[in-house]
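These notes concern the structure reproduced below.
This structure is a prediction, so every number in the text was calculated from the model and none was measured.
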Amino acid sequence: QVQLVESGGGLVQAGGSLRLSCAASGSIFRINAMGWYRQSPGKQREWVATITSVSSGGTTNYADSVKGRFTISRGNAKNTVYLQMNSLKPEDTAVYYCNAEVVLSHRVDSRPYWGRGTQVTVSS
């Protein structure tokens, strides 16, 4: 089917930066959109950012908590997405998950797929 693999997480000091990457592979016909979510212990998984395909307008959207600090973008390969995180705060500490809305080969409907997550820890 489809696999999403995140990378780029780590431990950084408050005010620092990290760049997360996500690569999708498998029987992919088309990816309509990709995004990032995050989850901290004891909290619900929350949406962070989304980017749509070029055919869908290539628009980006951000949660208010990260707007102006984070930037989502697609790689030259259409199965990749990045999250540039600047001015990191301790409250950004979470496991970050990549999400993709995928149309599988020989299918017409889209379905969501998730990566296993990458840990981001921001120290004060």
Side-chain angles (χ1 to χ4, degrees):
Q1 291 184 342
V2 176
Q3 290 185 336
L4 302 179
V5 180
E6 303 99 333
S7 62
L11 174 64
V12 298
Q13 184 176 288
S17 299
L18 280 176
R19 191 189 190 209
L20 305 183
S21 300
C22 175
S25 61
S27 302
I28 300 171
F29 174 71
R30 185 178 71 246
I31 298 179
N32 293 331
M34 300 186 75
W36 292 92
Y37 290 70
R38 66 187 183 186
Q39 187 169 23
S40 300
K43 295 183 178 180
Q44 297 278 347
R45 184 174 299 186
E46 64 176 339
W47 167 72
V48 175
T50 301
I51 186 167
T52 62
S53 65
V54 174
S55 61
S56 297
T59 58
T60 59
N61 290 283
Y62 300 91
D64 289 340
S65 59
V66 306
K67 193 173 299 181
R69 299 187 298 119
F70 291 11
T71 302
I72 188 171
S73 62
R74 293 189 301 272
N76 291 332
K78 295 183 179 180
N79 63 345
T80 61
V81 67
Y82 303 97
L83 185 68
Q84 179 67 45
M85 305 185 295
N86 299 325
S87 302
L88 283 163
K89 305 174 181 179
E91 50 263 44
D92 294 320
T93 296
V95 176
Y96 283 72
Y97 297 91
C98 180
N99 167 263
E101 183 183 336
V102 178
V103 178
L104 300 176
S105 298
H106 309 294
R107 296 285 189 176
V108 296
D109 57 318
S110 63
R111 297 181 179 182
Y113 289 87
W114 295 88
R116 298 182 67 179
T118 184
Q119 177 70 48
V120 172
T121 303
V122 184
S123 63
S124 60

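- Considering only heavy atoms from C-beta on, Asp109 stays 4.5 Å or farther from Val103 through its side chain.
- Between Leu104 and Tyr113, the closest side-chain pair of non-hydrogen atoms falls below 4.5 Å.
- With hydrogens and angles ignored, the 3.5 Å screen pairs no side-chain donor or acceptor of Gln13 with any backbone N or O of Ser124.
- Tyr37 shares a hydrophobic cluster with Trp47, Val95, Tyr97, Trp114; the chain of contacts runs through ILVMFWY side chains whose heavy atoms sit under 4.5 Å apart.
- Side-chain atoms of Thr52 come within 3.5 Å of backbone N or O of Gly58 as a donor-acceptor pair.
- Checking side-chain atoms of Arg69 against main-chain N and O of Ser87 turns up a donor-acceptor pair under 3.5 Å.
- Residues Phe70 and Asp92 form a side-chain contact, since some pair of their non-hydrogen atoms from C-beta on lies under 4.5 Å apart.
- Residues Ile31 and Ser53 share a closest heavy-atom pair of O-CB, 3.5 Å.
- Put simply, the side chain of Thr121 never gets that close to the backbone of Leu11: no donor and acceptor are under 3.5 Å apart.
- Look at Glu101 and Arg111 and you find no salt bridge, because none of the NZ, NE, NH1 or NH2 atoms lies under 4.0 Å from a carboxylate O.
- Taking Thr71 as the reference, nothing meets the side chain to side chain donor-acceptor pair (under 3.5 Å) condition, with sequence neighbours excluded.
- In Gln3, the CD atom is not crowded: 12 or fewer heavy atoms of neighbouring residues, nucleotides or ligands sit closer than 6.0 Å.
- Around CD of Glu91, the count of heavy atoms belonging to other residues, nucleotides or ligands within 6.0 Å exceeds 12.
- There is a side-chain donor-acceptor pair under 3.5 Å between Asn86 and Ser17.
- A donor-acceptor distance shorter than 3.5 angstrom exists from the side chain of Thr118 to the backbone of Gly9, with no hydrogens or angles considered.
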